[in-house]
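Note that ligands are numbered from 1 as they come in the structure, with each ligand's atoms numbered from 1 the same way. Worth saying up front: this structure is predicted, and the values here are computed from it rather than measured. For this chain, numbers begin at 1 and follow the sequence in order.
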Amino acid sequence: MKIAFCGKGGVGKSTLASLTCYALLAKGYQVLAIDADPSPHLARLLGFREEKIVPLAEMRELLAERAQKNGPFYVLNPHVEDLPEKFMLRKGALRLMVLGAIRVAGAGCACPEQTVLRHLLTLLLLEAKEAVVLDMEAGVEHFGRGTVASVDHLLVVVQPYRGSIETAQRIGQLARQLGIEQVHFVGNALRSPEDQSFLEEALGHKLLASFFWEESLAKAERQGKPLGEIDAGAHKEVLKMLSKLEA
Ligand SMILES: Nc1ncnc2c1ncn2[C@@H]1O[C@H](COP(=O)(O)OP(=O)(O)OP(=O)(O)O)[C@@H](O)[C@H]1O
Ligand SMILES: [Mg+2]
């Protein structure tokens, strides 16, 4: 199962992506988390020490090299096990890769990085109990390059305010143009059940899941605590959400 989280800046993509990783681990999955945000945060939320991690973007050279040698990685579709260890941090059944490319001012777009990620997502073969969780860059720019075209589920995180809803609707349209069949809206940081109905009415769709605003989540982020260590109702909600996706 390949799942990507997208949405407007600050709506909770990284928070929900991390919670999803923990829930998948609890369900016995091998999880590959990919932080595709040019300023990555997932490592901290998943409890990895901020060690140096070789950005996935550097796999470009490796892909080219192996292609020339007719190596197995490029020619055949790789399994998660075949991915070179140097591009990931690992903790038990959880692996983390980062796309990298913290762009310097005026350095242009991150197109090559997005291309590597798109290829990887398209080629990667997953076993039944393997999952890839992608934390995408905020906004809609990456849709122009079709990076997430091959995911099984696109989860659009949305908060109950106009700007977030408009971005979510735009993402819905772009995802359909890319041919992504499973596009779901996920409400986050809701303050009341009315927030949920407001979102469903504005979007014209039921929400796949509704996450309420929880002080423990915000506090953990401020303290730099991994979300696996905290008590939050969101853990239960994310398990429910995954059961829907599995079904
Ligand atoms: N349900 C929630 N309850 C309370 N705080 C939340 C909730 N969801 C997210 N937050 C907080 O909101 C802030 C932004 O969340 P997060 O970093 O997950 O958003 P993001 O969409 O990944 O942002 P960016 O676009 O910058 O990558 C964080 O401080 C996070 O702890
Ligand atoms: Mg984020």
Side-chain angles (χ1 to χ4, degrees), residues 3-23 33-48 50 53 55-56 96-103 110 113-114 117 132-143 147-148 151 154-172 174-175 184-196 198-199 207-242:
I3 309 173
F5 285 88
C6 55
K8 197 173 168 66
V11 290
K13 298 176 292 298
S14 302
T15 303
L16 297 185
S18 321
L19 291 168
T20 300
C21 289
Y22 285 116
I34 302 179
D35 194 338
D37 190 325
S39 55
H41 293 298
L42 216 49
R44 208 175 331 125
L45 294 170
L46 290 174
F48 285 100
E50 313 257 330
I53 168 164
L56 190 53
L96 171 70
M97 293 180 133
V98 301
L99 187 58
I102 301 190
R103 285 166 258 171
E113 290 77 15
Q114 297 284 340
L117 180 56
V132 174
V133 177
L134 275 159
D135 181 15
M136 294 306 297
E137 180 175 10
V140 299
E141 206 194 324
H142 58 87
F143 280 92
T147 314
V148 291
V151 299
L154 187 75
L155 304 194
V156 189
V157 184
V158 56
Q159 289 198 8
Y161 66 92
R162 286 268 152 225
S164 158
I165 292 165
E166 279 160 22
T167 302
Q169 284 168 325
R170 183 79 191 112
I171 288 174
L174 292 167
H184 316 272
F185 295 104
V186 173
N188 186 35
L190 310 185
R191 305 268 178 176
S192 66
E194 289 74 55
D195 278 350
Q196 182 177 339
F198 168 73
L199 274 178
L207 298 174
L208 175 72
S210 298
F211 293 89
F212 283 83
W213 193 89
E214 294 188 80
E215 177 60 30
S216 61
L217 291 175
K219 197 167 154 195
E221 199 274 342
R222 287 196 292 265
Q223 296 176 336
K225 250 196 192 165
L227 298 186
E229 290 175 14
I230 62 146
D231 188 26
H235 286 299
K236 232 188 189 165
E237 181 66 12
V238 89
L239 281 168
K240 257 170 47 193
M241 179 178 88
L242 282 174

Contact flag S14/the Mg ion (ligand 2), N/O/S atoms, threshold under 2.8 Å: yes
Approximate separation, where rounding is to 0.5 Å, of H235 NE2 and E237 CD: 12.5 Å
Near ligand 1, at a heavy-atom separation below 4.0 Å: residues by chain and residue number: G9, G10, V11, G12, K13, S14, T15, D37, A138, N188, A189, F212, W213, E214, L217, A218, E221
side-chain contact (heavy atoms from CB on, under 4.5 Å) evaluation trace for H41 with D135: CA-CA 9 Å; H41 293 298; D135 181 15; 5.7 Å; no
Evaluation steps, side-chain contact (heavy atoms from CB on, under 4.5 Å), between L46 and Y22: CA-CA 8 Å; L46 290 174; Y22 285 116; 3.9 Å; yes
Check against side-chain contact (heavy atoms from CB on, under 4.5 Å), L154 and F143: CA-CA 12 Å; L154 187 75; F143 280 92; 3.9 Å; yes
Validation row: V133, L42 side chains within 4.5 angstrom (heavy atoms): no
Test side-chain contact (heavy atoms from CB on, under 4.5 Å) applied to F5 and S14, step by step: CA-CA 8 Å; F5 285 88; S14 302; over 6 Å; no
